[in-house]
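Remarks on the structure that follows.
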Amino acid sequence: MAGRAPRQPARGRNARVAERNRRLTAKLAAAALLMFGFGFALVPLYDVFCEITGLNGKTGRAEAETLAARVDASRWVTVEFTGSTAQGLPWEFRPMQKKLRVHPGQTTVANYYVRNTAAEPIVGRAVPSVTPGAAAAHFKKIECFCFSEQTLRPGEAREMPVRFVVDPELAAGVATVTLSYTFFNTDPAQAKRYGGDGQAPVVDHDQHRAHAGPAAAGG
Amino acid sequence: MAQAQAHHDEHPTGISRWLFTTNHKDIGTLYLILSLIMFFVGGAMALVIRAELWQPGLQIVDPHFFNQMTTMHALIMVFGVVMPAFVGFANWQIPMMLGAPDMALPRMNNWSFWILPFAFTLLGSTLFLQGQGGAPSAGWTLYPPLATQGGMGTDFAILSIHMLGISSVLGAINIVVTILNMRAPGMTLMKMPLFVWTWLITAYLLLAVMPVFAGAVTMLLADRHFGTHFFDAAGGGDPVLWQHVFWFFGHPEVYILILPAFGLASQIIPTFARKPLFGYDSMVYASASIAFLSFIVWAHHMFTVGMPAAGELFFMYATMLIAVPTGVKVFNWVSTMWRGSMTFETPMLFAVAFVFLFTIGGLSGLMLAIAPADFQYHDTYFVVAHFHYVLVSGAIFAILGGTYYWLPKWTGHMYNETLGKWHFWLTAIGFNLAFFPQHFLGLAGMPRRIPDYALQFTEFNQWSTVGAFILGFAQLLFVYVVWQAAKGGQKATSQVWEGADGLEWTLPSPPPYHSFATPPKIK
Ligand code: HEM
Ligand SMILES: [Cu+2]
């Protein structure tokens, strides 16, 4: 800098500065574009992060072999149940037991009650979430009404089971695990009346991608 | 070239001067005027909020409109007042402070300004669409599921955010290129005035996070209309993901809103303490470390979403770490004043109040950074008090002080010092009356963004409302003082202030249309 004579002919200096400006502008614009892409990349990064760490209420799904798992009779875990419906869905939905005490490794069945209070059939799907988030990976559902859509005729009521195992690997400090479900309308044609955007939920069968329900999002 | 030069100097008048201008001073003026207008629009919304909160129960507006007011107030103050004001200062001052003739990319400069009036018209028009759900009402943080459910106001907000983002990114590019390429010979980086330094860092922050925000609102728009489920639990998405992406932008954004204010304070205080800035190098390094750290603290806004303990601890300690460089700055400003021959003209009053009140905001920030305590404070008026101490008595006070500081340079006239002082004191008293009680309201459990409240909160809310109205109406005085100085008055010298130091003070007041046609000699 200091070496440059202040009285260069204006043309030479201006042209050179203009060229440097153009090059730097291009670089900075590229950086901004890159960051725009990075914003989208945060989505898969976040999913991978949650999968590796088992954070954020993703619940595991186990196959029947887990039935043979070792039961840790020396330990009790309390499993609490909650259920709610998304805004607009005219269903009555609640767990039939508030909580159960189970041994890790022991297969247990809990039941939920659901009733369609509308005058027409509605298709819904329940999205599960487990808290504390760190326990979610160790909460395995073997059979669940959330694995498929539920269609209820007008006024129809139903009892729905969820069969689960709490993995003995569950961290020693965790004494209570809460399983919660939110029911969403999935029929696009009825989205105006019953909420949801009517898109069929994508439920990944190895690992439910549905993490926190809206209730959890409120903090 | 001669032709180009002649073209450059031609000086259109009337409206086309402002529409087609590529001159850094004209564009700076446009930014500042826009910011001032939006200050009153956003301020009027704040007064609607405070009027409704005068007493418990619902009196003036319905809750949905109240939510529109809180959302629009924040969006306008952040994107329409503080950011454009800083860009206005950058346009006026950076070329003068560096000994450059103009900004590096004058035509892009024109474009980045003229996007803004359209963006704010789009955003503001939603207020007239009450039949379609009105303005966005999910809060400036646009959290789903609320933000995916609202009426078309949210779509308008998303599109205007895209426009604001483009404007900011273009502005940031221009500022970086100007600072790196247009300095007069001899103006090394470590000789640059601190205002220029803080803007260089801010511009990099803008380039890094505005595009991420643009990406985030694009996903929100897709969730709303194109059947994606990024943030929709029913479709396998995750509303908490939004919070992570938003705050990855949002926390650096709050530093975008304060770093140039740090720069302004660092120009004003040495002038009126008649001493060089204490610890210049450490100021530069502190600003850079604040900017760096701002990328790794975002989840302190979401301590309550159910993070694992390791996450809570990481974000808690990282957040507290920011207090260290911030503290360095505060101590440097105080040391600059220490044993200085201080005088208290209006710019200095604002700058001293800035140091004092911003520190209170920093301290309440530290309280919020304590994860277990934040479970209590989160989403209460304590947070509202915190960010108004850092944003109003931080950013806005610095902007007002900076305006008084350079107004004689810009207009060529001294402003009315008596009225300036009145403006300062009314602003300072109104501000503290409005926001100090909110700390207590929050600690006692009053939630934010709610139009009604429990009876026991009435008295402090009334203090707050009275303060807010004093603060709001005091700003009319500011407009009058600026108007008066723009029209005429006592002629200002080149130096303006006895202790002023820097290249801009070597130019006449007002400065020539093209600042430094030939580069100045740097000592
Ligand atoms: C010592 C420095 C600071 C610390 C430790 C700090 C810490 C925090 C924390 C922990 C929160 C979240 C509170 C909650 O929602 O529960 C918060 C909120 C906030 N802070 Fe700060 N802060 C600091 C400085 C600043 C500065 C300089 C600004 C801007 C100029 C700022 C603007 C905000 C805003 C706007 C919010 C609220 C965002 C919202 O939820 O709408 N803070 N701060
Ligand atoms: Cu933050």
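Chain A is the first sequence line, chain B the second, and so forth, proteins listed ahead of strands; every chain is numbered from 1. We use all heavy atoms of the structure for the numbers below, so side chains are in, but hydrogens, waters and symmetry mates are not.
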Which atoms of B/A216 come close to chain A, meaning under 4.5 Å heavy atom to heavy atom: side chain ones, backbone ones, both, or neither?
neither
More than 12 heavy atoms from other groups under 6.0 Å of NZ on A/K99:
no
May I have the list of side-chain donor-acceptor pairs in residues 163-176 of chain B shorter than 3.5 Å, sequence neighbours left out?
| residue | atom | partner | partner atom | Å |
| --- | --- | --- | --- | --- |
| B/S167 | OG | B/S112 | O | 2.8 |
| B/S168 | OG | B/L164 | O | 3.0 |
| B/N174 | OD1 | B/L105 | N | 3.0 |
| B/N174 | ND2 | B/L105 | O | 3.2 |

Rounded to the nearest 0.5 Å, the CD atom of A/E19 sits from the CG atom of B/N181 at a distance of 10.5 Å
Are there more than 12 heavy atoms of other residues, nucleotides or ligands under 6.0 Å from atom CZ of A/R158?
yes
Under 4.5 Å from any heavy atom of chain A - which part of B/T218
side chain
Got B/L241 and A/D47 here, is their nearest side-chain heavy-atom distance under 4.5 Å?
no
Note: vs chain A, highest number of non-hydrogen pairs under 4.5 angstrom among B/I522, B/V177, B/L206, B/L207 is B/V177
Please work out whether the ring planes of B/F248 and A/F38 are parallel, tilted or perpendicular, with thresholds of 30° and 60°.
tilted
So B/M182 and A/N21, do their side chains get closer than 4.5 Å, heavy atoms only?
yes
Please tell me if the side chains of A/Y46 and B/D238 come closer than 4.5 Å, counting only heavy atoms from C-beta onward.
yes
What part of A/A29 gets closer than 4.5 Å to chain B, counting heavy atoms only: side chain, backbone, both or neither?
both
Against chain A, work out which of B/A309, B/A208, B/G311, B/A203 has the most heavy-atom pairs shorter than 4.5 Å and name it.
B/A208
Should the heavy atoms of other residues, nucleotides or ligands under 6.0 Å from CZ of B/F292 be counted, would the total exceed 12?
no
Any side-chain heavy atom of B/V209 within less than 4.5 Å of one from A/M35?
no
Should we count CZ of A/R153 as having more than 12 external heavy atoms under 6.0 Å?
no
Under 4.5 Å from any heavy atom of chain A - which part of B/F213:
neither
